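Read through the structure below, which is laid out as structure tokens, and then see the notes.
Source: prediction; values computed, not measured.
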Amino acid sequence: MAWALLFARLAPFSHRLTRTSLCFLSIFFTYVCYCVLFPEESFVQKSLGPTPCCLLQTKGPRTAAEEAHRPRPARLHAARNDTPSPPLGSMKLGNKKLPKAIIVGVKKGGTRAVLEFIRIHPDVRAAGTETHFFDRNYDRGLEWYRGLMPRTLESQITMEKTPSYFVTKETPQRISAMSRDTRLIVVVRDPVTRAISDYTQTLTKTPDLPSFQELAFRNQTLGTVDTSWNAIRIGLYALHLDNWLRYFPLAQIHFVSGERLITDPAGELERVQDFLGLKRIVSDKHFYFNRTKGFPCLKKPESSGSPRCLGKSKGRTHVQIDRDAIEQLRDFYRPYNIRFYEMVGHDFKWE
């Protein structure tokens, strides 16, 4: 009908129109009719992209059959990257990784202080509690162990500390099997002072414990020391280190002085940071000496209301031990200490 009317109007002028003009007019009017009859699928809309779903539903909801055969839009970037994106949480918090560094000993040497001081560093994340994986829970497997670790970013070092590792025979081989590149930190202290501190702590939990002398000596008159008592055995550092050197080079073991950790915590932490390959961030500005505890504490961080000191068990007053017993123990440990100094290339001056 529309074509007939239009042809009637143009007929008188048809002799003036060229064949090209007629073709152009035909295409133009065909397009106009198409847009009128099919407004949602016009050429303009196709050129601009797919129609939003909210507009396609103006004719009423589709049947199940129509919905099943409806073409689906392609996923963005599917051709560029077909690996799934990591969850948003993991991007923010990092992943749980096996530790790159472990504080392996020794008990009552100052391991808790080293852990609390080094974790101030923004590139260090550490498990808060002792895992005892390599000495008590090894049968649970590495994935169980990994699950105990904090989430870390790629730039951060994962750490843990369990002081009993140093004196457990199987531990060096087990850590080496996990990673031969693991860095090891050993906090050592005068073995006599360490044994007394160990006994003092045990006495608070077991008040009916025999006296220190009864446990330390098989025969005090003869000066025979009982090396089967754990408090004495831990202080034989040279013997324990022999076992570790079968699996790790000395360069991968760093020794922290428990005495200097008290008098110069910043200096000891500088050396720990160097050993771990970290930028020196933990420094003098982070510490103050608590005269009541006789131990350094961390200064108040901006986000906290009070300074952070170690627990009540740190800086505890030692049990008084007979002077002769102390001298006998010093004589006993002296050859072991000298050998230990030679092994690590450092004189700790435990006299």
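Although no hydrogens or angles enter the test, the distance criterion places no donor-acceptor pair under 3.5 Å between the side chain of Glu160 and the main chain of Ala126. Remark: the backbone N or O of Arg260 is paired with a side-chain donor or acceptor of Ser257 at under 3.5 angstrom. In this structure, the side chain of Thr206 does not engage the main chain of Leu203 through any donor-acceptor pair within 3.5 Å. No side-chain donor-acceptor contact under 3.5 Å links His132 to the backbone of Tyr165. Side-chain atoms of His286 come within 3.5 Å of backbone N or O of Ser283 as a donor-acceptor pair. Using modelled atom types, one side-chain atom of Asn137 and one backbone atom of Thr131 make a donor-acceptor pair closer than 3.5 Å.
Below 30°, between 30° and 60°, or above 60°: for Trp350 and Tyr341 the angle between ring planes is between 30° and 60°, a tilted geometry. Using the six-membered ring where Trp is involved, Phe117 and Phe287 have ring planes that are perpendicular, over 60° apart on the 30 and 60° scheme. Between Phe166 and Trp244, the angle of the ring planes stays under 30°, which puts this pair in the parallel group of the 30/60° scheme. Note: Tyr336 and Tyr333 have perpendicular aromatic rings, judged against thresholds of 30 and 60 degrees for the angle between ring planes.
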Do any side-chain atoms of residues 176-183 form donor-acceptor pairs under 3.5 angstrom with protein atoms, and if so which ones, sequence neighbours left out?
from	atom 1	to	atom 2	distance (Å)
Ser179	OG	Asp181	N	3.2
Thr182	OG1	Ser179	O	2.9
Arg183	NH1	Phe275	O	3.2

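Side-chain contact between Met343 and Leu245 is present, with heavy atoms from C-beta onward closer than 4.5 Å. For the pair Ile103/Met159, a side-chain contact is recorded, criterion being any heavy-atom separation below 4.5 Å from C-beta on. A 4.5 Å side-chain heavy-atom check between Thr224 and Phe217 finds every atom pair outside the cut-off. Looking at heavy atoms from C-beta onward, Lys169 lies out of side-chain contact with His240 at the 4.5 angstrom threshold. Contact of the Ile157 side chain with the Asp123 side chain is not registered, since no non-hydrogen atoms from C-beta on lie closer than 4.5 Å. Annotation: side chain of Val272 is in contact with side chain of Val256 (closest heavy-atom distance under 4.5 Å). Looking at Thr152 and Asn95, their side chains never come closer than 4.5 Å, going by heavy atoms from C-beta outward. By the 4.5 Å heavy-atom criterion applied to side chains, His254 and Leu184 are not counted as neighbours.
When all heavy atoms of Pro265 and Thr263 are compared, the closest pair comes out as CD-C, 3.7 Å.
In this structure, CG in Leu209 is found 12.0 Å from NZ in Lys205, a value given to the nearest 0.5 Å. With rounding to the nearest 0.5 angstrom, the CG atom of Asn219 is 11.5 Å from the CG atom of Asp226. Between Ile185 atom CD1 and Lys161 atom NZ the span is 12.0 Å, to the nearest 0.5 Å. Atom OG1 in Thr202 sits 9.0 Å away from atom CG in Leu215 (nearest 0.5 Å).
Transitive grouping of hydrophobic side chains (ILVMFWY, heavy atoms separated by less than 4.5 Å) brings Ile234 and Leu241 into a common cluster. Leu269 is connected to Val124 through a chain of hydrophobic side-chain contacts under 4.5 Å among Ile, Leu, Val, Met, Phe, Trp and Tyr, so both are in one cluster. Cluster annotation: Phe133 is connected to Val167 through the hydrophobic network of ILVMFWY side chains, with a link wherever side-chain heavy atoms come within less than 4.5 Å. Leu236 and Leu250 end up in different hydrophobic clusters when Ile, Leu, Val, Met, Phe, Trp and Tyr side chains are linked at under 4.5 Å. One hydrophobic cluster, built from ILVMFWY side chains closer than 4.5 Å, cannot hold both Val188 and Ile338; they sit in different ones.
The aromatic ring centres of Phe134 and Tyr145 sit less than 6.0 Å apart.
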>> side-chain contact (heavy atoms from CB on, under 4.5 Å) for Thr193 and His318? Distances and angles first, verdict last.
In response: CA-CA 9 Å; Thr193 308; His318 289 176; 3.9 Å; yes
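Donor-acceptor pairing under 3.5 Å is lacking for the side chains of Lys97 and Thr158. For the residue pair Arg233/Asn230, the side-chain donor-acceptor check at 3.5 Å is satisfied. Between Gln252 and Tyr247, the side chains place no donor N or O within less than 3.5 Å of an acceptor N or O (distance only, hydrogens not considered). The closest side-chain donor-acceptor pair between Asp135 and Thr171, if any, does not fall under 3.5 angstrom.
Applying the side-chain hydrogen bond (donor to acceptor under 3.5 Å, both in side chains) test to Arg339 and every residue at least two apart in sequence or in another chain returns Asp242. For Trp229, the side-chain hydrogen bond (donor to acceptor under 3.5 Å, both in side chains) criterion is met by no residue, not counting sequence neighbours. Scanning for side-chain hydrogen bond (donor to acceptor under 3.5 Å, both in side chains) contacts around Glu143 gives Arg146, with sequence neighbours left out. Take Glu342 and apply the side-chain hydrogen bond (donor to acceptor under 3.5 Å, both in side chains) test, not counting sequence neighbours, and it matches no residue.
Annotation for Glu154: atom CD does not count as buried by contact number, only 12 or fewer foreign heavy atoms lying within 6.0 Å.
For residues 188-201, the set of pairs meeting the salt bridge (charged side-chain N to carboxylate O under 4.0 Å, His left out) definition, not counting sequence neighbours, comprises Lys107-Asp198, Asp190-Arg330, Arg194-Asp198.
Shown are Glu268, Glu270, Gln273; of these, the side-chain contact (heavy atoms from CB on, under 4.5 Å) with Val282 is made only by Gln273.
The cationic group of Arg174 lies under 6.0 Å from the six-membered ring centre of Tyr138 and within 45° of the ring axis, placing it in a cation-pi geometry.
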